[in-house]
Amino acid sequence: QVQLVESGGGLVQPGGSLRLSCAASGSIFRLYAMGWYRQVPGKQRELVARITSGGSTNYADSVKGRFTISRDNAKNTVYLQMNSLKPEDTAVYYCNENLGTLNYWGQGTQVTVSS
């Protein structure tokens, strides 16, 4: 009964910022790696950022220096701070929870970057 509930998506102008949140329930959150993925029509879902249970992070080259992933284990929540947004960041963003063979996904939240 793992559930991931996302929030924070919306419309923003190029150069602007958004913060996405994903609240998890039904798991021992601190044991899982958490990730943010995104998908646009006609393309495969791609990894944007990931944070391990120990706090190590990795990012897609396209977002390095602009996006920051973080987690608050006391709140069972992972965040994605997105700065200096570009039109090519427009996508549906999905939250992922992973431990070994276990993978759970959120419902997705739309991010649109447009002037």
Side-chain angles (χ1 to χ4, degrees):
Q1 68 275 32
V2 173
Q3 185 173 339
L4 304 175
V5 179
E6 297 163 286
S7 61
L11 174 65
V12 65
Q13 294 185 358
S17 297
L18 284 174
R19 189 174 79 154
L20 306 183
S21 299
C22 173
S25 61
S27 68
I28 307 177
F29 179 82
R30 69 182 186 277
L31 302 181
Y32 284 75
M34 301 297 299
W36 289 96
Y37 292 71
R38 67 188 181 188
Q39 188 169 28
V40 299
K43 295 188 65 178
Q44 298 296 311
R45 189 174 299 183
E46 66 172 350
L47 176 67
V48 176
R50 187 172 186 266
I51 184 166
T52 70
S53 62
S56 298
T57 60
N58 61 276
Y59 299 90
D61 288 343
S62 59
V63 308
K64 286 179 181 175
R66 299 188 298 119
F67 291 10
T68 303
I69 189 170
S70 61
R71 65 193 296 160
D72 185 342
N73 289 341
K75 292 182 167 60
N76 289 354
T77 300
V78 64
Y79 305 95
L80 185 67
Q81 179 66 47
M82 304 185 294
N83 298 327
S84 301
L85 283 160
K86 305 174 180 180
E88 52 262 45
D89 295 318
T90 296
V92 177
Y93 284 71
Y94 296 90
C95 179
N96 169 262
E97 187 174 31
N98 165 253
L99 178 62
T101 62
L102 298 175
N103 277 281
Y104 305 100
W105 295 92
Q107 79 285 355
T109 185
Q110 177 70 48
V111 172
T112 302
V113 185
S114 177
S115 59

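Keep in mind the model is a prediction, meaning the values are calculated, not measured.
In terms of hydrophobic clustering, with Ile, Leu, Val, Met, Phe, Trp and Tyr side chains grouped at heavy-atom distances under 4.5 Å, V12 and M82 are assigned to a common cluster. Clustering ILVMFWY residues whenever any of their side-chain heavy atoms sit less than 4.5 angstrom apart, transitively, puts I51 in a cluster other than the one holding Y37. V40 is not connected to V111 by any chain of hydrophobic side-chain contacts under 4.5 Å among Ile, Leu, Val, Met, Phe, Trp and Tyr, and they are in different clusters. A chain of hydrophobic side-chain contacts below 4.5 Å, direct or via other Ile, Leu, Val, Met, Phe, Trp or Tyr residues, connects V63 to V113.
Side-chain contact between P14 and P87 is present, with heavy atoms from C-beta onward closer than 4.5 Å. For the pair Y104 and Q3, the minimum side-chain heavy-atom distance is 4.5 Å or more.
For the residue pair E97/S27, the side-chain donor-acceptor check at 3.5 Å is satisfied. Checked by atom type, the side-chain pair R38/Y93 shows a donor-acceptor distance below 3.5 Å.
Distance SG/C22 to CD1/I69: 9.5 Å, rounded to 0.5 Å. In this structure, OG1 in T77 is found 12.5 Å from CG in L20, a value given to the nearest 0.5 Å. Summarising the geometry, atom CG belonging to L4 is positioned 8.5 Å from atom CD belonging to Q107; distances are rounded to the nearest 0.5 Å. To the nearest 0.5 Å, atoms CG (L80) and OG1 (T109) are separated by 11.0 Å. The CG atom of L85 sits 11.0 Å away from atom OG1 of T112, with the distance rounded to the nearest 0.5 Å. Taking CZ from R19 and CG from N83, the interatomic distance works out to 11.5 Å, rounded to the nearest 0.5 Å.
A salt bridge is defined here as a Lys NZ or Arg NE, NH1 or NH2 lying under 4.0 Å from an Asp or Glu carboxylate O, and D61 with K64 meets this definition.
Using a distance-only test at 3.5 Å, with no hydrogens or angles considered, a donor-acceptor pair links the side chain of E6 to the main chain of C95. Not a single donor-acceptor pair under 3.5 Å links the side chain of R30 to the backbone N or O of D72. Remark: side-chain polar atoms of N98 are paired, donor with acceptor, to backbone N or O of L102 under 3.5 angstrom.
Ring centroids of F67 and W36 are separated by 6.0 Å or more, keeping the two rings apart.
Ring orientation note: the planes of W105 and Y94 are nearly perpendicular, at an angle over 60° on the 30°/60° scale.
Residue-environment remark: CG (L31) exceeds the threshold of 12 foreign heavy atoms within 6.0 Å.
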Open item on the list: For E88 and T90: C-alpha separation, side-chain torsions, deciding distance, then whether side chain to side chain contact (heavy atoms under 4.5 Å, CB included) applies.
Closed with: CA-CA 5 Å; E88 52 262 45; T90 296; over 6 Å; no

Checking R71 against F29 for the side chain to side chain contact (heavy atoms under 4.5 Å, CB included) test, could you report, in this order, the C-alpha distance in whole Å, the side-chain angles of both residues, the deciding distance, and whether it holds? CA-CA 10 Å; R71 65 193 296 160; F29 179 82; 3.4 Å; yes

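Residues L18 and G8 come closest through the heavy atom pair CD2-O, 3.8 Å.
R50 forms no cation-pi arrangement with Y59, by the criterion of a distance under 6.0 Å to the ring centre and an angle within 45° of the ring axis.
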